[in-house]
Each structure stands twice: as C-alpha cells, then as structure tokens.
Amino acid sequence: MKDGPDIARIASLIGDPARANMLSALMDGRALTTTELSDIAGVTKSTTSLHLAKLEAGGMVHPQKQGRHRYYALTGAEVASVLEALMGLAQSTGATRARTGPREPALRRARMCYDHLAGEMGVAMLDALVARGTIEIKGPEPVLTQAGKANLSAFGVDIDELSTRRRPLCKLCLDWSVRRPHLAGSVGNALLRRITDLGWAQRMPESRVVTFSPKGEQAFRKVFPAPGR
C-alpha cells in the first residue's frame with residue numbers, strides 16, 4: 001500500500017460528470033440547494049443527494065442549514081484552486097466541451113474564482129501589483145511587501161484586519177483561461193470586494209461572470225496599470 005495523499009480518491013470525486021458540474025457551479029462562492037444543484041447536474045434530487053454525501057465525506061463541500069433549506073458550498077478556496085487548475089489542464093489538452101456560447105468570452109475576461117477575481121482582469125491585476133512592488137513572487141507563494149501594505153491600505157484594504165485571519169494573505173491560483181496566475185488569498189478577496197464596493201464592477205446573477213462598467217474599467221486600469229505604463 002502506497003503512503004501519502006490519496007489523489008485517486010479526490011480525482012474520482014471530481015471525475016464524475018454530475019459532480020463536476022455541481023462543483024463548477026459552486027466556484028463563484030455561492031451556496032446552492034440540492035434542487036438547484038440537481039438542475040445543474042441534470043440528475044434527480046435523490047441522485048444529487050447521494051453525490052453531495054460523497055463530496056461532503058471527501059471534504060469537497062459542506063452543508064449549511066437555513067430554515068427548512070439545506071445549502072451546499074465548497075469547503076474553501078483550496079478546492080476552488082484545484083478545480084481552476086484542472087480547468088486549465090482540460091483547456092490545454094483539448095478536453096473542452098464542443099458547445100460554446102456568448103458567456104465564454106465574458107468568463108475569460110473577468111469571473112469569480114470562489115471569492116477572488118479571475119480571468120484576464122484578475123491576471124492583469126496581479127501583474128500590476130508585482131510591477132509596482134506591492135507583491136513579490138520569489139517562491140511558490142507571493143509575499144506582500146511593506147510598501148505593498150501601505151499601497152493597499154491607501155486603496156481601502158484593511159491589512160491589519162486581514163492579518164488576524166488564519167487564511168494566507170496572498171496565494172497564487174493558476175488561471176484556466178489565461179494559463180497564468182491570478183491572486184487568491186485574503187488580499188485577493190479584499191481587492192475584489194473593494195472593486196465591487198467602488199462600483200467598478202458587479203457580479204452577474206446566477207453566473208461567475210464579473211462585468212466592469214466603462215468608467216469602472218478605466219478606474220481599474222489607472223490603479224492597476226499594465227507593466228511598463
């Protein structure tokens with residue numbers, strides 16, 4: 001018997017098409033009911049309940065009870081990062097769905113990856129933060145610099161409060177559409193919240209898509225300019 005992490009078990013949980021569709025639907029950080037996930041997965045409610053029980057036992061989702069309803073959400077950003085990386089692998093190896101639609105360009109441009117910004121805009125934001133010296137990438141994980149703490153505080157991000165959390169301040173998440181990293185962690189989450197609080201962008205209902213207004217994108221590009229500008 002081999003020692004170490006049992007990746008086959010996790011892979012088998014994600015590999016079922018119905019469960020993969022459910023997990024993908026939870027990638028925007030929402031909690032959904034069994035009925036909603038049943039519609040997404042295209043299976044009966046009883047079958048959905050069995051799938052969710054397996055995902056819960058595997059540590060992929062956790063239930064939240066509110067009134068008479070039972071909601072399910074991903075257990076954390078780490079699960080979302082794994083799913084995002086698998087989407088990138090599927091894209092690069094040609095394992096894509098034949099049907100495309102108008103939402104695909106919007107998803108590639110800007111979307112939710114659990115609770116942080118992904119897509120072209122998310123990658124552009126990380127590039128700008130690195131170019132400005134706010135974040136340094138010297139090892140497997142990015143580091144927030146002292147100058148970066150001042151920069152983010154000036155932008156309205158409470159770094160002191162974020163530092164009290166157990167969650168890492170900064171993490172890299174491989175973007176499936178750009179195939180380069182975007183910023184996750186508590187700083188990635190706080191920056192997205194700040195962007196939406198300022199009215200630059202909004203999350204589309206029932207979707208992972210994040211849309212920027214023309215003025216919002218202009219403001220975003222000013223704060224997070226492309227390197228060399």
Side-chain angles (χ1 to χ4, degrees), residues 9-91 95-119 121-122 167 173-177 182 184-186 188-190 192-193 195-197 201-212:
R9 178 167 174 258
I10 297 299
S12 66
L13 286 173
I14 300 173
D16 180 89
R19 292 197 290 268
N21 284 335
M22 293 180 201
L23 291 169
S24 296
L26 298 173
M27 281 281 287
D28 64 356
R30 289 180 300 159
L32 300 176
T33 65
T34 302
T35 300
E36 290 168 329
L37 290 169
S38 174
D39 291 338
I40 290 166
V43 296
T44 64
K45 292 181 184 178
S46 58
T47 300
T48 298
S49 296
L50 292 174
H51 282 311
L52 289 170
K54 291 181 179 180
L55 290 172
E56 183 181 354
M60 305 290 287
V61 302
H62 65 93
Q64 303 171 2
K65 192 171 183 180
Q66 184 173 336
R68 296 182 302 167
H69 296 287
R70 192 177 178 88
Y71 294 83
Y72 286 86
L74 297 183
T75 52
E78 187 176 19
V79 177
S81 296
V82 170
L83 295 172
E84 184 85 359
L86 285 174
M87 290 175 183
L89 179 61
Q91 182 74 18
T96 57
R97 296 170 181 172
R99 186 180 66 181
T100 59
R103 286 199 312 167
E104 185 178 358
L107 279 170
R108 289 173 176 273
R109 180 167 175 73
R111 66 180 179 276
M112 297 287 298
C113 179
Y114 188 61
D115 63 356
H116 53 270
L117 183 64
M121 300 293 278
R167 186 178 181 183
C173 185
L174 184 62
D175 196 287
W176 73 259
S177 55
H182 58 248
S186 59
N189 170 242
L192 177 58
R193 285 190 285 111
I195 287 168
T196 54
D197 287 345
Q202 63 179 345
R203 209 169 103 180
M204 298 303 292
E206 309 298 323
S207 172
R208 292 177 64 195
V209 173
V210 175
T211 58
F212 282 77

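Here the structure is a predicted model, which means the values were calculated and not measured.
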* Asked: Out of Thr34, Asp16, Leu37, which residue meets the side chain to side chain contact (heavy atoms under 4.5 Å, CB included) rule with His51?
  -> Asp16
List the atom of [X], the atom of [Y], and the distance in Å for their closest heavy-atom pair.
{"X": "Leu26", "Y": "Tyr72", "answer": "CD2-O, 3.4 Å"}
{"X": "Ala20", "Y": "Ile14", "answer": "CB-O, 3.3 Å"}
{"X": "Ala110", "Y": "Met121", "answer": "CB-CG, 3.8 Å"}
{"X": "Ala31", "Y": "Gln64", "answer": "CB-OE1, 3.8 Å"}

Can you check whether [Y]'s main-chain N or O pairs, donor with acceptor, with [X]'s side chain at less than 3.5 Å?
{"X": "Asp115", "Y": "Gly29", "value": "no"}
{"X": "Glu84", "Y": "Trp176", "value": "yes"}
{"X": "Ser38", "Y": "Thr48", "value": "no"}
{"X": "Arg19", "Y": "Leu13", "value": "yes"}

* **Greater than 12 external heavy atoms within 6.0 Å of Glu78's CD** =>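 12 or below, so no.
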* To do: Please name the residue in the list Arg108, Arg111, Arg109 that meets the salt bridge (Lys or Arg N to Asp or Glu O under 4.0 Å) test with Asp175.
  => Arg111
* Asked: Would a 4.5 Å heavy-atom cut-off, applied to side chains only, mark Lys45 and Thr35 as touching?
  -> yes
* To do: Using only heavy-atom distances, determine whether the side chains of Thr44 and Ser46 contain a donor-acceptor pair under 3.5 Å.
  => yes
